[in-house]
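Here's the structure, in structure tokens; my notes come after.
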Number of protein chains: 2
Amino acid sequence: MATMADIARTANVSVSTVSYALSGKRPISADTRRRVLAAMDEAGFRPHAAGRALASRRSRTVGLLFPAVGKGVTELQLEFFTSAAEAAGEHGYAFILSTAPNDDAEVLRLSRDGVVDGLILMEIRRQDPRVALLRAEGVPFTLIGHCDENVGYSFVDLDFARALETAVAHLAGLGHREVAFVNTSAALLEAGYGPAVRSLAGFESALARFGLRGHHVACEPTRDAGLELTDHLVAEFPAVTAVVSINREALGALVGRAYELGVAIPGDLSVVGVLSERLARLFSPPLTTVDFPVAAMARLGTELLIRQLEGGGAGPTQTMFDGALAVRSSSGPAPARASPVLAAAAR
Amino acid sequence: MATMADIARTANVSVSTVSYALSGKRPISADTRRRVLAAMDEAGFRPHAAGRALASRRSRTVGLLFPAVGKGVTELQLEFFTSAAEAAGEHGYAFILSTAPNDDAEVLRLSRDGVVDGLILMEIRRQDPRVALLRAEGVPFTLIGHCDENVGYSFVDLDFARALETAVAHLAGLGHREVAFVNTSAALLEAGYGPAVRSLAGFESALARFGLRGHHVACEPTRDAGLELTDHLVAEFPAVTAVVSINREALGALVGRAYELGVAIPGDLSVVGVLSERLARLFSPPLTTVDFPVAAMARLGTELLIRQLEGGGAGPTQTMFDGALAVRSSSGPAPARASPVLAAAAR
DNA sequence: CTGTTAGCGCCTTCAC
DNA sequence: GTGAAGGCGCTAACAG
């Protein structure tokens, strides 16, 4: 309601003085400053965002582009949203969430309209056209995920290959000989969705390194698909004694179905999930996990963007998180056993 | 990049003509309009949000206030966020998500700064101080939920009392005689959190109406609490043959624990959840539910707010959704049986 | 139907 | 250390 002109009037100074008192970009005498500040909070003054944005040519707003494609939103994205929003808020930035299905148009809309100063992208593919677009538009951005070609921009990602290796190494250490990897959907894999592609690569190289037999199964991130998948595993790969998954929904279904089939976890079957701390807590019994530090990643992604916006020198920062192994099963998992547990369950 | 002045120049018209060509608030000759539009998309023109906001005194932005209190964010809120964001986008509004812990300050910040034109509030308590504040500030708003005193503002809510009645009626119809109601946390209940309070009321009146015995149990919305609760039910209320819950996390845990204990759902125990369609799908076997139309509610809440902003006459609109019963169990649930199933499971 | 012009609230260069 | 003034891009009277 109150404007700088109002404040200036009641404090007997000029508007520019008010402005500088606020920004500190010019020395102000202690006395003047006090009068100005007094006038401000007496009037409940708050600088108007639009005025400031217009004059400074910065909106102090960051946007998160999340194309709400069919594949539904999961708890994992939720954690991203809220953590990113929090981080933005702490730095004095507003946080815009866009679910527009067509990213390209949305990138243009948000940047050209000046509603955001920069963008955070999720659901990155190996060759992502949005990156070129953002560059062409000169819009600062960071990726949660990364492309094959990634010079000159900031991103933060989980090292999925390493995560899978960590998981497989753990299982190999327990004596397992044959393990299954439950990926996300085949469609995403084909589309070059990074996590799907890179986990698979990590899985395969780990198999080779530890001399294990392995099976890769793609699975839609839905409970139904997960149930079907579990039955499929039972039927087709009876010798499998351990499962690792990056697919939270399938994992939930698998654990549930295992109970139904009388397969004890971790007694009969070892299960390792690549999951955030928060998600891991939703499982019972507690699941051994390779930590997916979602909240930290979202925070960092947001902060990297804001650092760019504030001209924080330093150029692109690229951070790959390593998922730490968290063994949560109290009882030891089954070492590879003679009898194929899954097949036994199928009878 | 391009401004209206640029467009005006290349189209040989004045800026106001450009503006009116865009807004349609004044008749423009077909020919002029064509020239203007041509110039616009040749230049890739997009009106700058800050300029527009400053001149029109409206930011075309709505905000969702979601104080990220301790009790963690759930899939349910996620559905709210994305649905609200979607609805806002469809109406040409930007959507801001604020997780600032202190709502009051945030209300002031977002409104006084002019970053939003209106707000959507979640997690409403029976006496919610934010409402008075919003009123005092003259900020348009809608609630997802409602207060005891609620004249003169718009809200959308689920009729939790009715939802519980629907659930209990269903169970009574199946022949159950003793049912448990799993509420959210005792803390929220005491704080006057609407859903907790009103569901309980609905539960109790339904018990009376149908002459059933019932037990009310508050439970933190976490898996661990849910597990504990299940064991508690087993130990304390062995005659209970049916459970209804508005607590998604507890419900998940309860279903899981039931499997562990060898209690078949719905064979041995009937379970009814108050859940969104999407959440219901996460359960297996499918759960009988009273539908919690989260997405529709978020959309409507957002649209009610936007309608206010656009001066859509009509005054406050208050909508209570009725949760429709969706019986998803294929096999018929257990009518009240002589043998206390939960106790049997406990052996 | 179209042009001219004054702001909207703030930032920032230029002058003192 | 402080003022005055121009302008950011757009809207909306006010004049034709």
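Predicted model only: the values in this text are computed from it and were never measured. Every chain is numbered from 1 and lettered A, B, ... according to where its sequence line falls, protein lines coming before strand lines.
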Take atom [atom1] of [X] and atom [atom2] of [N], then tell me their distance rounded to the nearest Å.
X	N	atom1	atom2	result
D113(B)	dC8(C)	CG	C1'	16 Å
R57(A)	dG9(D)	CZ	C1'	9 Å
N12(A)	dG1(D)	CG	C1'	16 Å
H48(B)	dG9(C)	NE2	P	17 Å
R60(A)	dC10(C)	CZ	C1'	14 Å

With a 4.0 Å cutoff (strictly under), does any side-chain N or O of S14(A) reach OP1 or OP2 of dG3(D)?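 Indeed, a polar side-chain atom of S14(A) lies that close.
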Does a side-chain N or O from T32(B) land closer than 4.0 Å to OP1 or OP2 of dC1(C), or not?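 It does not, given that no N or O in the side chain of T32(B) lies less than 4.0 Å from OP1 or OP2 of dC1(C).
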Could you list the donor-acceptor pairs under 3.5 angstrom formed between side-chain atoms of residues 47-57 of chain B and any protein atom two or more places apart in sequence or on another chain?
residue : atom : partner : partner atom : Å
S56(B)  : OG   : R52(B)  : O            : 2.7
S56(B)  : OG   : R58(B)  : N            : 3.4
S56(B)  : OG   : R58(B)  : O            : 3.4

With heavy atoms under 4.0 Å as the rule, sort [X] into base, sugar-phosphate or nothing.
X	value
V18(B)	nothing
D31(A)	nothing
R46(A)	sugar-phosphate
D6(A)	nothing

Between E86(A) and T99(B), does the side chain to side chain donor-acceptor pair (under 3.5 Å) criterion hold? Intermediate values first, please. CA-CA 6 Å; E86(A) 246 179 63; T99(B) 59; 4.5 Å; no
Nucleotides 11-16 of chain C: protein proximity per nucleotide (B base, S sugar-phosphate only, - neither; heavy atom, under 4.0 Å): SBBB--
Is the positively charged end of R60(B) above the ring of Y93(B), judged by distance under 6.0 angstrom from the centroid and angle within 45° of the axis?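 Geometry flag: set, cation within 6.0 Å and 45°.
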For D41(B), give me all partners under side chain to side chain donor-acceptor pair (under 3.5 Å), at least two apart in sequence or on another chain. none
Restricting to non-hydrogen atoms, name the atom on T302(B) and the atom on A88(B) that form the minimum distance, rounded to 0.1 Å. CG2-N, 3.8 Å
Check the pair T32(B) / S29(B) against side chain to side chain donor-acceptor pair (under 3.5 Å), numbers first and verdict last. CA-CA 5 Å; T32(B) 311; S29(B) 79; 2.6 Å; yes
